[in-house]
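Inspection log for the structure reproduced underneath, given as structure tokens.
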There are 2 protein chains.
Amino acid sequence: MLIRLDPASPEPLFAQLAAAVRGAIARGELTAGERLPSARELAESLGLNVHTVLHGYQRLRDEGLVELRRGRGAVVTPSGADGLARLRHALADVTAEARRLGLSAGELTELIRKEYS
Amino acid sequence: MLIRLDPASPEPLFAQLAAAVRGAIARGELTAGERLPSARELAESLGLNVHTVLHGYQRLRDEGLVELRRGRGAVVTPSGADGLARLRHALADVTAEARRLGLSAGELTELIRKEYS
DNA sequence: GTATTGTTCTAGCTCTAATAGAACAACTTG
DNA sequence: CAAGTTGTTCTATTAGAGCTAGAACAATAC
């Protein structure tokens with residue numbers, strides 16, 4: 001799993017890291033039961049602090065995508081892997097266009113809610 | 001145009017303000033050539049600092065949605081209004097397709113949230 | 001000419017992100 | 001059981017963004 005981070009981005013590093021893992025799960029590059037590198041390992045290889053990596057892992061845990069256990073590390077959950085893989089591509093074009101126009105995720109979802117009602 | 005801001009949100013106030021205006025344009029509540037309230041006026045009525053409002057306006061200008069001129073204020077550009085209107089139509093197509101496939105609004109917005117992260 | 005409005009500048013305050021180091025608790029492995 | 005691995009928790013510091021504040025300035029409208 002290749003992870004590239006941009007320190008100059010307004011997006012926090014821990015969030016970029018979480019996003020990278022999330023994307024890998026959605027694309028099927030990481031499957032249920034697979035284990036992520038240990039925080040200390042990944043921090044070393046990415047040139048980050050251990051706490052920053054753990055912060056990202058904890059966000060993924062909050063989203064239900066991975067399980068964290070001491071001594072074992074971070075493991076992809078079945079529910080997380082299943083839920084992500086679906087209609088993601090169908091939305092890619094629209095979200096890219098929306099982002100180009102400066103819309104936030106909140107604004108886009110707001111438009112959708114109105115569209116559905 | 002009603003603007004509601006949440007100071008407790010992680011989203012910066014200037015960004016929330018820009019988002020509100022953007023949404024109003026996308027929904028057609030603000031049309032090309034229309035003038036926004038002056039920064040000093042809006043700051044007063046929203047309980048914000050003038051600079052915060054101007055920060056939001058400047059973001060909208062960077063996105064090409066409004067023009068800023070001293071003495072005149074912020075005016076919605078034709079190109080900005082058009083672009084957002086187009087997106088709105090594209091979005092209508094996607095939501096129609098999603099509905100045809102049996103997705104709920106919640107599922108769709110959840111996918112978008114992940115797409116943006 | 002006068003009022004309005006955005007632009008620019010300095011300044012201070014607060015909060016988040018990121019880093020750093022240390023000790024600790026739970027789990028895995030031999 | 002013993003040792004190593006890994007996440008958890010704690011305190012602390014640094015850097016930057018966001019927001020507020022006040023002032024002076026420049027372009028436009030009337």
Side-chain angles (χ1 to χ4, degrees), chain A residues 1 3-22 30 33-77 80 102 104 106, chain B residues 1 3-22 30 33-77 80 117:
Chain A
M1 180 181 50
I3 294 183
R4 301 230 263 91
L5 303 179
D6 176 18
S9 166
E11 186 76 359
L13 291 172
F14 79 90
Q16 291 183 47
L17 173 58
V21 175
R22 215 182 284 119
L30 278 174
E34 262 192 277
R35 191 176 154 183
L36 302 183
S38 83
R40 286 174 175 86
E41 251 181 66
L42 192 52
E44 172 73 18
S45 79
L46 290 178
L48 294 182
N49 190 281
V50 187
H51 297 98
T52 305
V53 174
L54 281 167
H55 193 174
Y57 278 9
Q58 282 153 10
R59 162 161 294 193
L60 292 171
R61 177 191 52 190
D62 293 344
E63 294 169 359
L65 298 184
V66 303
E67 257 188 18
L68 295 183
R69 286 268 183 86
R70 308 183 231 210
R72 184 168 39 152
V75 178
V76 179
T77 64
S104 70
Chain B
M1 179 183 52
I3 294 184
R4 302 229 265 90
L5 302 181
D6 175 17
S9 165
E11 187 76 359
L13 291 172
F14 79 90
Q16 289 183 48
L17 173 59
V21 175
R22 219 181 280 120
L30 276 175
E34 262 192 276
R35 189 177 154 183
L36 301 183
S38 85
R40 284 175 177 85
E41 250 182 67
L42 193 53
E44 171 75 17
S45 78
L46 290 179
L48 292 183
N49 191 280
V50 187
H51 297 98
T52 305
V53 174
L54 281 168
H55 194 174
Y57 279 8
Q58 282 153 9
R59 164 162 294 194
L60 292 170
R61 177 191 51 190
D62 292 345
E63 295 167 359
L65 297 184
V66 304
E67 257 188 19
L68 296 183
R69 284 268 183 85
R70 306 183 232 212
R72 185 169 38 152
V75 179
V76 179
T77 64
S117 61

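Within every chain, numbering begins at 1; the chains are lettered A, B, ... in the order of the sequence lines, protein sequences first and strands thereafter.
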I'd like a list of close polar pairs between nucleotides 9-13 of chain C and the protein, N/O only, cut-off under 3.5 Å.
| residue | atom | partner | partner atom | Å |
| --- | --- | --- | --- | --- |
| C:dC9 | N4 | B:H51 | NE2 | 3.4 |

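Summarising the geometry, the separation between CD on A:Q16 and C1' on C:dT16 is reported as 15 Å, rounded to the nearest angstrom. Rounded to whole Å, the distance from CG on B:N49 to P on C:dT5 is 17 Å. As a whole-Å value, the separation of A:E67 CD from C:dA26 C1' is 14 Å.
Between A:E67 and A:T77, the closest heavy-atom pair is N-CG2, 3.8 Å. Taking every heavy atom of both residues into account, B:L46 and B:I3 meet most closely at CD2-O, 3.9 Å. Nearest approach of A:L5 to A:P7, heavy atoms of both residues: O-CD, 3.5 Å. Across B:L30 and B:L36, no two heavy atoms sit closer than the pair CD1-CD2, 3.6 Å.
The environment of CD in B:E11 is crowded: more than 12 heavy-atom neighbours from other residues, nucleotides or ligands sit within 6.0 Å.
Not counting sequence neighbours, the partners of B:A19 by the side-chain contact (heavy atoms from CB on, under 4.5 Å) test are A:E107, B:R22. For A:E41, the side chain to side chain donor-acceptor pair (under 3.5 Å) test picks out no residue, with sequence neighbours left out.
Across the interface with DNA chain D, nearest-nucleotide mapping of B:F14 and A:R61 shows A:R61 to be the residue nearer the 5′ end. Residue order along DNA chain C, read from the 5' end via each residue's closest nucleotide, puts A:L48 first among A:L48 and A:G71.
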Which side-chain N or O atoms in residues 50-60 of chain B pair as donor and acceptor under 3.5 Å with protein atoms at least two apart or in another chain?
| residue | atom | partner | partner atom | Å |
| --- | --- | --- | --- | --- |
| B:H51 | ND1 | B:N49 | OD1 | 2.8 |
| B:Y57 | OH | B:P37 | O | 2.7 |

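Residue contacts shown for A:L54 include a base, since a base heavy atom lies under 4.0 Å away.
Close approach of DNA chain D to chain B, defined as any atom under 4.0 Å from a non-hydrogen atom of the protein, starts and stops at D:dG18 to D:dA29.
Taking the side chain as every heavy atom from C-beta outward, B:Q16 and B:D6 approach each other to under 4.5 Å.
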(request) Begin from the C-alpha positions of B:L48 and B:L13 and carry the test side-chain contact (heavy atoms from CB on, under 4.5 Å) through to its verdict. (result) CA-CA 9 Å; B:L48 292 183; B:L13 291 172; 3.8 Å; yes
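Taking the screw axis at each terminus of the helix from C:dG1-D:dC30 to C:dG30-D:dC1 from five consecutive base pairs, the angle between the two is 50° to within rounding of 10 degrees.
Side-chain atoms of B:R40 and base atoms of C:dG6 include a donor and an acceptor less than 3.5 Å apart.
Side chain of B:R35 to backbone of B:G73: no donor-acceptor contact under 3.5 angstrom is found.
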